[in-house]
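Worksheet for the structure shown next.
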Amino acid sequence: VEELGLFCEVASDIAFALHGIELEGQRQQAEEEVRQRRDYLQKLTNSMWDAVFSVTLPGREIEWVNDSYGIIGYEPAEVIGKSTRFLYPDEAEFNAFGQRLGEAIEEERDVLHAEQTLRRKNGELFPAEVTATIFYKGGKATGTTAIVRDVTERKQVEDAIRESEAKYSTLVEQARDGIVFLQDGLVTFANKAILEIGDYSLDDVIGMPFIDFIAPESRDEVLQNYRRRIAGEEAPSLYEAGLLRRDGSLVEIEISARRVDYKGKPADMVFIREVTERKKAEKAIA
């Protein structure tokens, strides 16, 4: 009996030790998976044109950022742990965005789109579009992932339209984003970048209804926003949609649109950016 008891005790110790080894192995595996996920996320977001910030709430402190110094001029190590206050030209701008964010949270919205003037490390101010995905836990907003886009190029095109047709033609052809002009719902101009996104030729798109290039599930929203802008009514200037490529495949895009006067008539100037990589990053962060 004593021998049996001793055997059971030893067996129990061995089982406990094996269980500990198993738990340790699981912990190491989990840590490795987290490391790989972070490495993947870092590589993915560092390849993006936009700055990507993970910000805690309510303090609005930066806990993670991609290699965004190309846009704002800071190295990641310089900004992690800091309040986002330094990104704004003054306290009023910082508070104004905070108010818009607070309103979005009160309405329990998942995404906030906003235009904002921001400041680079060298003191230069630049126009930006901010897309903030809001994360909730237990009904409380705990953080956001903010995508910051420098829209200086878009502003330059808007100014050039008012000044010189030759100047704006040069700017839009060199733009990285896809750009189209719409009049009466038809495409009257398309730059090289948008043709590459959809794998279209210029003959494919000129004179075609723009809505035909939009995925069916996105058409109602895109058409409604277009009609409201042309009518001079308030409408979202930045939103997401699906674009149909020439082969029928779908690509996720972000649309930034403005009403402008083009050749004496009201027109919609639409900037289109493929956001496939950004969507992957958002899913990886979540």
Side-chain angles (χ1 to χ4, degrees), residues 48-55 57 60 62 65-66 68 70-74 83-107 109-121 123-134 144-162 168 171-172 175-182 221-222 224-226 228-241 253-262 266-275 278 282:
M48 297 170 61
W49 296 339
D50 304 328
V52 185
F53 295 88
S54 180
V55 180
L57 294 176
R60 295 170 68 183
I62 299 171
V65 63
N66 69 338
S68 58
I71 292 179
I72 63 171
Y74 291 92
S83 164
T84 56
R85 168 65 183 82
F86 71 94
L87 290 171
Y88 298 83
D90 51 45
E91 195 72 22
E93 288 286 334
F94 175 70
N95 292 335
F97 184 81
Q99 182 176 350
R100 285 193 287 270
L101 182 60
E103 291 171 354
I105 292 171
E106 286 181 6
E107 297 170 4
R109 287 152 54 191
D110 294 326
V111 179
L112 168 66
H113 295 298
E115 288 196 2
Q116 192 70 47
T117 298
L118 297 179
R119 182 175 59 189
R120 306 188 207 276
K121 184 178 180 179
E124 178 187 0
L125 302 183
F126 69 99
E129 284 178 344
V130 181
T131 301
T133 301
I134 306 168
T144 71
T145 296
I147 313 294
V148 177
R149 175 180 302 175
D150 183 344
V151 293
T152 301
E153 189 174 76
R154 192 197 72 196
K155 294 294 186 181
Q156 290 173 340
V157 172
E158 291 177 355
D159 292 340
I161 289 173
R162 293 186 287 267
Y168 91 72
L171 284 171
V172 296
R176 294 177 298 181
D177 289 335
I179 302 176
V180 297
F181 284 87
L182 311 178
E221 179 184 15
V222 172
Q224 182 182 41
N225 288 338
Y226 168 75
R228 291 171 64 184
R229 276 192 303 276
I230 292 301
E233 300 173 1
E234 184 176 348
S237 60
L238 182 67
Y239 53 96
E240 295 175 0
I253 61 170
E254 189 173 69
I255 294 176
S256 177
R258 292 290 185 280
R259 182 187 176 203
V260 296
D261 290 326
Y262 180 60
D268 215 25
M269 181 176 69
V270 183
F271 281 71
I272 295 174
R273 175 172 292 188
E274 182 178 352
V275 293
R278 197 193 78 192
E282 289 177 351

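Basis for what follows: all heavy atoms, side chains included, without hydrogens, waters or symmetry-related copies. Since the model is a prediction, treat every value here as computed from it, not as a measurement.
For E124, the salt bridge (Lys or Arg N to Asp or Glu O under 4.0 Å) partners two or more places apart in sequence, or in a different chain, are R120. Qualifying side chain to side chain donor-acceptor pair (under 3.5 Å) partners for S83, counting only residues two or more places apart in sequence or in other chains: none.
The distance from the OG1 atom of T117 to the CG atom of L125 is 7.0 Å, given to the nearest 0.5 Å. The distance from atom CG of L87 to atom NZ of K121, rounded to the nearest 0.5 Å, is 12.5 Å. Taken to the nearest 0.5 Å, the CZ atom of R109 stands 12.0 Å off from the OG1 atom of T133. Remark: R273 CZ to I253 CD1 distance equals 12.5 Å, nearest 0.5 Å.
Ring orientation note: the planes of F97 and Y88 are tilted relative to one another, at an angle of 30° to 60°.
Side-chain atoms of N225 and I255, non-hydrogen and from C-beta on, never get closer than 4.5 Å to each other. Between Y74 and I62, the closest side-chain pair of non-hydrogen atoms is not below 4.5 Å. The side-chain heavy atoms of D110 and I134, taken from C-beta on, include no pair separated by under 4.5 Å. Between I105 and L57, some side-chain heavy-atom pair lies under the 4.5 Å cut-off. Put simply, the side chain of Y226 does not reach to within 4.5 Å of the side chain of V270, judged on heavy atoms.
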Is there a salt bridge (charged side-chain N to carboxylate O under 4.0 Å, His left out) between E254 and R149 once you walk through the steps?
CA-CA 12 Å; E254 189 173 69; R149 175 180 302 175; 2.6 Å; yes
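In terms of heavy atoms, P89 sits closest to L118 at CD-CA, 4.3 Å. In this structure, D90 and R85 approach most closely via the heavy-atom pair C-NH2, 3.3 Å. Across V151 and A128, no two heavy atoms sit closer than the pair CG2-N, 3.9 Å. In terms of heavy-atom proximity, S256 sits nearest to E129 at OG-OE2, 2.7 Å. Between G98 and R60 the shortest heavy-atom distance is CA-NH1, 3.2 Å. A pairwise comparison of heavy atoms in F271 and I179 identifies CE2-CD1, 3.5 Å as the closest pair.
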